[in-house]
Protein chains: 2
Amino acid sequence: MSQAGIDLGSSMGYLLKEASSALRAAMEEVLRPLGMTVTHYSCLELLAQRPGSSNSDLARGAFVTRQSMNVLLQNLERDGYVTRPAEAPVGKALPASLTPRGRRSLEQATAAVRSVEVRMLAGLTDADRSVAFRALQTMVRSLRGGDG
Amino acid sequence: MSQAGIDLGSSMGYLLKEASSALRAAMEEVLRPLGMTVTHYSCLELLAQRPGSSNSDLARGAFVTRQSMNVLLQNLERDGYVTRPAEAPVGKALPASLTPRGRRSLEQATAAVRSVEVRMLAGLTDADRSVAFRALQTMVRSLRGGDG
DNA sequence: TGACTCATGTCAGGAGTCTGACATACGGTT
DNA sequence: AACCGTATGTCAGACTCCTGACATGAGTCA
C-alpha cells in the first residue's frame, strides 16, 4: 500500500476529538444534577460575560446553529433565566440578558464546570499548560484560515 | 460577586471545544465531496487499523453509541464497503472487515483528512507538537479518572 | 433614491444521534 | 448446576441539531 492510513494512536486530530469527548462527558456528568446541558450552560456563561449578545452571537460562541440556540433561548426565556426585549433596539438582533434567577443558576454550574477544568489540568505544569494552550490557538487559526 | 465565572478567552476547556469544532468543520468540508461524514470516515479508518472490530468496538472508537454505529454499519454493509459474517464466531460480537471497495473509498478519504491534519499542525514546531500531544493525553487520563 | 450585500430571526423538513429496553452469550461465584 | 454481573446486537421511540429557505433591517455604493 502506498498510503498506510492515519495512525489513530499518534494522530493529533484523533486525540483532540478524544479529549473533547472526555471533557464533554465530564461536563455532562456534573451538570446533569443541576438539570442543565452543556449548551444550556454555555449559553448562560456567554451571556454573563457578554451581556446583550444576540441569538446569533450566542450560537457562534456555543458552536451550534442559530436555529438550535433560538430554541434553547425560547425555553430559557419561558423559564425565567433570560430576558429579551419584545422589539429590537437596532436592526433585528434582540439583545439577551440574564435574569437574577439565571445568574443564580449559573453560579452553581460555573462551580461545577470549574472543578472539571481543574481536574483536567491537574497533571500539567504551568509551562505545559502555556505551550498546549498556544498550540491549540495556533491549530484553530490554521484550520480556520482555509488554506493556511 | 464571589465567583466571576469562567473566562472563556483563557479557558482551556473552551479552547479545546473550539479546536475540536474547527477540526470537525474542516473534516466535513473535505469529506463532503466524497459523500462521506466524519463518523463514516472514522468507522472505515478504525476498521483498516483494527480489522475484525465489533460494532461496539467501532462505536467506542468513533465516540458514538452502539446504536448509531450499528445503523451506519448496516448502510456500509448494504453498499458493499464492509462485510460481517452471518454468525458470530464467538459470543455475539460480529467481526467487521473492509471490502476492497471500502478500502478504495478509504484511501481517498485518508488523503483528504491527512491534508487537514497537516494544515492544522503547520504553524507548530516538533517540540510544540510533542508537548501539546502529551498534554492532551494527560487531560484525557485525568478526565477519565473520575476523581483524578 | 435605488440596488446590492450582509447579518439576523424564524419556519419547515430531514438526517443523525441518543435513551430505553430486551434477548442472548460469556465468565466467575456459590 | 444455578446464579449473577457484564458485554453484545438489535429494535423502537424521541430528541437534538442541521440544511434549506424566506422575509426583514442595516450598511455600502453608484
Side-chain angles (χ1 to χ4, degrees), chain A residues 17 20-22 24-25 27-29 31-33 35-43 46-47 50 52-78 82-97, chain B residues 17 20-29 31-44 46-47 50 52-79 81-97:
Chain A
K17 171 74 180 174
S20 178
S21 176
R24 186 175 190 89
M27 285 177 68
E28 281 171 349
E29 191 179 343
L31 288 174
R32 189 173 308 120
M36 224 181 273
T37 68
V38 174
T39 307
H40 184 141
Y41 157 74
S42 301
C43 177
L46 282 162
L47 268 181
R50 309 173 194 167
S53 289
S54 71
N55 176 36
S56 291
D57 290 334
L58 294 169
R60 275 188 294 270
F63 310 105
V64 296
T65 60
R66 287 172 294 165
Q67 292 84 339
S68 297
M69 182 55 75
N70 198 29
V71 172
L72 175 58
L73 269 181
Q74 284 171 357
N75 291 336
L76 291 177
E77 206 171 0
R78 165 173 54 79
V82 164
T83 52
R84 282 191 290 182
E87 298 224 341
V90 57
K92 294 189 69 180
L94 296 171
S97 321
Chain B
K17 171 75 179 173
S20 178
S21 176
L23 173 60
R24 186 175 191 89
M27 286 178 68
E28 281 171 349
E29 191 179 343
L31 288 175
R32 189 173 308 121
L34 304 176
M36 224 182 272
T37 67
V38 174
T39 307
H40 183 140
Y41 158 74
S42 301
C43 177
L44 264 46
L46 282 162
L47 269 181
R50 309 172 194 167
S53 289
S54 71
N55 176 36
S56 291
D57 289 335
L58 294 169
R60 276 187 293 269
F63 309 106
V64 297
T65 59
R66 284 172 294 163
Q67 292 85 339
S68 298
M69 182 54 74
N70 198 28
V71 172
L72 175 59
L73 269 181
Q74 283 171 357
N75 290 337
L76 291 177
E77 206 171 1
R78 164 174 54 80
D79 296 341
Y81 296 102
V82 165
T83 52
R84 283 191 289 182
E87 298 225 340
V90 57
K92 292 191 71 181
L94 296 172
S97 321

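Each chain gets a letter, A, B and so on, in the order its sequence line appears, and its residues count up from 1.
With sequence neighbours excluded, the residues forming a side chain to side chain contact (heavy atoms under 4.5 Å, CB included) with S68(A) are V64(A), T65(A), listed by chain and number. Evaluation of the salt bridge (Lys or Arg N to Asp or Glu O under 4.0 Å) rule for R84(A) yields E77(A) as partners, not counting sequence neighbours. Checked against side chain to side chain contact (heavy atoms under 4.5 Å, CB included), T83(A) has the following partners two or more places apart in sequence or in another chain: S97(A), T99(A).
Note that the CD atom of Q74(B) and the CG atom of D79(B) stand 12.0 Å from one another [nearest 0.5 Å]. Atoms CZ and CG, on R32(B) and L34(B) in that order, are 11.0 Å from each other to the nearest 0.5 Å.
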Donor-acceptor pairs under 3.5 angstrom involving side-chain atoms of residues 52-61 of chain A: please list them, not counting sequence neighbours.
residue	atom	partner	partner atom	Å
S53(A)	OG	R50(A)	O	2.7
S54(A)	OG	S56(A)	N	3.4
S54(A)	OG	D57(A)	N	3.2
S54(A)	OG	D57(A)	OD2	3.2
N55(A)	OD1	N70(A)	N	3.3
N55(A)	ND2	R66(A)	O	3.3
D57(A)	OD1	R60(A)	NH2	2.9
D57(A)	OD2	S54(A)	N	3.0

Please walk me through it: do V38(B) and R24(B) pass side-chain contact (heavy atoms from CB on, under 4.5 Å)? CA-CA 7 Å; V38(B) 174; R24(B) 186 175 191 89; 4.0 Å; yes

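Of the two residues contacting DNA chain C, namely K92(A) and E28(A), the nearest-nucleotide position lying further toward the 5' end is that of K92(A). Where V90(A) and V64(A) meet DNA chain D, the nucleotide closest to each residue was compared, and V64(A) sits on the side nearer the 5' end. Mapped onto DNA chain C by nearest heavy atom, V71(B) and R66(B) fall at different nucleotides, with V71(B) at the one closer to the 5' end. Nearest-nucleotide mapping onto DNA chain D: of D57(B) and R24(A), the residue sitting toward the 5' end is D57(B).
Distance N70(A) CG to dC11(C) P: 8 Å, rounded to the nearest Å. For the pair L72(B) CG and dC18(C) C1', the computed distance is 15 Å after rounding to whole Å. Rounding to whole angstrom units, CD of residue Q74(A) and C1' of dG9(C) are separated by 10 Å. Regarding Q67(B), its CD atom lies at a distance of 16 Å from the P atom of dA23(C), rounded to whole Å. If you take CG of L58(A) and P of dA7(C), they are 17 Å apart, rounded to a whole angstrom. For L94(A) and dT8(C), the CG to P distance is 12 Å, given to the nearest whole Å.
R32(B) comes within 4.0 angstrom of no nucleic acid atom, judged by non-hydrogen atoms across all strands.
Note on R60(A): a side-chain N or O is less than 4.0 Å away from OP1 or OP2 of dT8(C). Within the structure, every side-chain polar atom (N or O) of S56(A) is placed at least 4.0 Å from both OP1 and OP2 of dA7(C).
End-to-end axis angle of the helix from dT1(C)-dA30(D) to dT30(C)-dA1(D), using five pairs per end and rounding to 10°, comes to 30°.
The nearest pair of heavy atoms linking C43(A) to L72(A) is CB-CD2, 3.9 Å. When all heavy atoms of V82(A) and A96(A) are compared, the closest pair comes out as CG1-CB, 4.0 Å.
Nucleotides of DNA chain D that come within less than 4.0 Å of any heavy atom of chain B span, from the 5' end to the 3' end, dT8(D) to dC11(D).
Proximity note for T37(B) (side chain, C-beta onward) versus dC26(C), dG9(C), dG16(C): the nearest is dG16(C).
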